[in-house]
Enquirer: 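Quick one: structure below, then a few questions.
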Amino acid sequence: VLNAEHALGLVIGSMPPEQMGVAALRQVPPAALAVAAMAMRDKYGDARVAVLLEPLFLDPVGLDARHDDAFEVLMDVLLSLGQESRREIVAQRVSQSADKSLATSARCRRVSMMADRGEYVQAWTLFHETQRANPDDPQLLHLEMLTLLSEGREQEAVIRRAAQNGG
């Protein structure tokens, strides 16, 4: 079933990214923005989508959890382009968002990026800060498991998972 926001996203996604400015992006319903970004990615490529979305997330004022999917598209695009420093800058900015859910998503991305670089002390520090700020966020359990496994702590991950499942 195609809803109005999805349809709007497909229409916007058919437009060249250069025709959209940050002010216009802020008017697009968040679900439509994510659909548009994915459609533009397929049609115009990662670099053009990064140019479109990055300014929006560098100033995340007014953005909220509904923008999480578009944020994830931007993070994936920057990863695909090999733009690690830009990913870090955007994730850092979004992690300061007033919206707890969006900030948590960005912090989780940063934890994962730190773990990928082998910066486990920093990753665990940020993970625990994020856990204190938003303890019930479901993505934290998954992130904890991935970080433990990334660090080679398989047995601890198994024990932790069993504890979470009540076993």
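Throughout, numbering of the chain's residues begins at 1 and tracks the sequence. Only a predicted model underlies this, so the values are computations on that prediction, with no experimental measurement involved.
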Enquirer: Once salt bridge (charged side-chain N to carboxylate O under 4.0 Å, His left out) is applied, do any residues pair with Glu129, and if so which ones, sequence neighbours excluded?
Expert: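 With neighbours one apart ignored, the set is empty.
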Enquirer: Quick one: side chain to side chain donor-acceptor pair (under 3.5 Å) partners of Arg110, sequence neighbours excluded?
Expert: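 Per chain and number, Arg110 pairs via side chain to side chain donor-acceptor pair (under 3.5 Å) with Glu88, Gln92.
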Enquirer: Can you tell me which residue pairs pass the salt bridge (Lys or Arg N to Asp or Glu O under 4.0 Å) test with a partner in residues 135-145, sequence neighbours excluded?
Expert: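 Residue pairs passing salt bridge (Lys or Arg N to Asp or Glu O under 4.0 Å), neighbours aside: Glu144-Arg160.
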Enquirer: Mind listing the side-chain donor-acceptor pairs of residues 42-49 below 3.5 Å, one per line with the distance, residues two or more places apart or on another chain?
Expert:
| from | atom 1 | to | atom 2 | distance (Å) |
| --- | --- | --- | --- | --- |
| Lys43 | NZ | Ser14 | O | 3.4 |
| Tyr44 | OH | Ser14 | O | 2.9 |
| Asp46 | OD1 | Arg41 | NE | 2.5 |
| Asp46 | OD2 | Ser80 | OG | 2.6 |
| Arg48 | NE | Glu18 | OE2 | 2.9 |
| Arg48 | NH2 | Glu18 | OE1 | 2.8 |

Enquirer: Between Leu78 and Met75, is there a side-chain heavy-atom distance shorter than 4.5 Å?
Expert: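 Met75 reaches Leu78 side chain to side chain.
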Enquirer: Side chain to side chain donor-acceptor pair (under 3.5 Å) with Ser105: which residues, sequence neighbours excluded?
Expert: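 With sequence neighbours excluded, Ser105 shows a side chain to side chain donor-acceptor pair (under 3.5 Å) to Asp68, Gln139, given in chain and number order.
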Enquirer: Could you tell me whether the side chain of Gln122 reaches within less than 4.5 Å of the side chain of Arg117, counting heavy atoms only?
Expert: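 Result no, sub-4.5 Å side-chain heavy-atom pair not found.
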Enquirer: Who pairs with Leu149 by side chain to side chain contact (heavy atoms under 4.5 Å, CB included), at least two apart in sequence or on another chain?
Expert: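 With sequence neighbours excluded, Leu149 shows a side chain to side chain contact (heavy atoms under 4.5 Å, CB included) to Glu154, Ala157, given in chain and number order.
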Enquirer: What's the shortest heavy-atom distance between Ala50 and Leu81, and which atoms?
Expert: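 Taking every non-hydrogen atom into account, CB-CD1, 4.0 Å.
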Enquirer: With the 4.5 Å side-chain cut-off for hydrophobic clustering, are Val73 and Val51 part of the same group?
Expert: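 In one cluster: no.
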Enquirer: Got a list of side-chain donor-acceptor pairs under 3.5 Å for residues 22-35, not counting sequence neighbours?
Expert:
| from | atom 1 | to | atom 2 | distance (Å) |
| --- | --- | --- | --- | --- |
| Arg26 | NH1 | Val61 | O | 2.7 |
| Arg26 | NH2 | Asp59 | O | 2.3 |

Enquirer: Using links of under 4.5 Å between side-chain heavy atoms of ILVMFWY residues, direct or through other members, which residues join Leu148 in one cluster?
Expert: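 Taking Ile, Leu, Val, Met, Phe, Trp and Tyr as members, Leu148 shares its hydrophobic cluster with Val111, Met114, Tyr120, Trp124, Leu126, Phe127, Leu140, Leu141, Leu143, Met145.
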Enquirer: Would you mind listing the cluster partners of Met113? Hydrophobic ones only (ILVMFWY), side-chain contacts under 4.5 Å, chaining allowed.
Expert: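 Direct or chained contacts put Met113 with none.
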Enquirer: Salt bridge (charged side-chain N to carboxylate O under 4.0 Å, His left out) with Asp116: which residues, sequence neighbours excluded?
Expert: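 Per chain and number, Asp116 pairs via salt bridge (charged side-chain N to carboxylate O under 4.0 Å, His left out) with no residue.
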Enquirer: Taking salt bridge (charged side-chain N to carboxylate O under 4.0 Å, His left out) as the definition, give me every residue that meets it alongside Arg66, ordered by chain and number, with sequence neighbours left out.
Expert: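 With neighbours one apart ignored, the set is Asp64.
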Enquirer: Closest heavy-atom contact between Phe71 and Phe57?
Expert: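 Answer, listing the atom of Phe71 first, then Phe57: N-CZ, 3.4 Å.
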Enquirer: How would you list all residue pairs meeting salt bridge (Lys or Arg N to Asp or Glu O under 4.0 Å) that involve residues 3-16, not counting sequence neighbours?
Expert: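 Listed by first then second residue: nothing to list.
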